[in-house]
Amino acid sequence: LPTARFAKYQLTNMVAVGMTGPRWVRLWMRCEVPGPHEVQISGGSGGPRRLMVTVSDGPEDKTAAVTYPKTNENPPLAPLTKYHYRIVRASDRAIVGNGAFETPPARDEDTPQKVVIALWSCHQPFTSDGTIRAESARMLRLLRKILRDNDVKFVLPCGDQIYADDPNALSLFRNPYLVRQSVSGHTDIRACKAEEVRRLYNTRYRTFWSSNPLREMYANYPTYPTLDDHEIKGDWGSERAHATKQFAALKTGALQAYYDYQMKGVLPPNAAARDSFHYDFNYGNIGIFVMDI
């Protein structure tokens with residue numbers, strides 16, 4: 001059945017590089033087993049760098065993020081330097097994930113003459129029968145080579161990194177099984193509370209982000225996402241009804257899941273309750289303002 005095929009796509013562990021400065025980095029993780037995890041960073045001068053982070057079993061779907069260096073006791077990173085990292089579960093030393101990143105320049109004049117930025121949007125690889133279409137699979141397979149061959153410095157996922165309402169037959173607004181899969185006793189997302197909507201959307205992220213090439217991209221390049229409509233609902237904000245109480249729980253839950261999976265690697269925890277996810281960052285003498293559209 002299409003629904004069963006679609007539902008079987010579920011990531012368990014994933015790591016990602018978030019906002020990165022000349023002397024620091026913010027790393028994100030989704031860990032199947034909650035509890036303490038060790039972040040190990042190697043590269044540059046000096047020995048390995050380590051710090052601990054605890055992954056909660058709470059409503060954030062076992063996601064966490066940590067900024068290195070965490071305190072002044074941790075030696076800072078060096079600008080324009082390649083680092084490798086891995087995240088290890090403390091209980092059994094299992095590797096949750098690993099990747100690499102390059103820090104940006106510290107001074108405007110150190111900015112490379114050529115800086116390549118990757119733009120990535122509308123990640124919808126699924127067909128209505130619950131499988132990944134051949135064209136999307138091929139594009140995903142080529143992703144690693146494209147990013148590497150062009151020496152990409154960072155990636156801008158420009159919205160629609162999940163589709164809550166598409167394909168139509170597998171929409172959270174039309175498929176009762178997909179609702180019941182994550183929220184027992186419910187078959188209609190419009191009857192769900194905000195915390196239940198958050199659970200539904202977190203499941204959606206685990207489905208849409210389950211492919212290995214996509215996870216590899218996030219693990220090896222700083223990513224700076226933009227919120228768009230399908231992270232909530234198609235054409236979100238263009239209908240008057242979206243501003244009514246009827247849609248309040250949907251908006252709150254969807255934005256909480258968006259923070260769990262996309263913004264937690266960029267903005268600190270106090271940003272989770274924001275009503276807008278605009279922000280800015282820079283790469284040397286290049287300044288970027290990311291809109292919430």
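Between the N13 side chain and the E32 main chain, a donor and an acceptor come within less than 3.5 Å of each other. Proximity of a side-chain donor or acceptor of R198 to a complementary backbone N or O of A254 within less than 3.5 Å is not detected.
Linking Ile, Leu, Val, Met, Phe, Trp and Tyr residues whenever their side-chain heavy atoms come within less than 4.5 Å places F208 and W236 in a single cluster. Hydrophobic clustering, with ILVMFWY side chains joined whenever heavy atoms are under 4.5 angstrom apart, groups L178 together with F126.
Remark: K153 fails to qualify as a cation-pi partner of Y283 under the 6.0 Å distance and 45° angle criteria applied to the six-membered ring.
Residues Y201 and Q256 have side chains that never bring a donor and an acceptor to within less than 3.5 angstrom of each other. In the model, W120 has a side-chain atom that pairs as donor or acceptor with a side-chain atom of Q161 under 3.5 Å. Checking T63 against D61 by side-chain atom types alone, no donor-acceptor pair falls below 3.5 Å. A donor-acceptor contact closer than 3.5 angstrom is absent between the side chains of R199 and N202. Side-chain N/O atoms of N168 and R174 include a donor and acceptor closer than 3.5 Å.
Side-chain contact between D292 and L227 is present, with heavy atoms from C-beta onward closer than 4.5 Å.
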Problem set entry | Step-by-step side-chain hydrogen bond (donor to acceptor under 3.5 Å, both in side chains) determination, T81 to E102 | CA-CA 5 Å; T81 301; E102 184 183 84; over 6 Å; no
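Looking at every heavy atom in both residues, A7 comes nearest to Q181 through CB-NE2, 3.6 Å.
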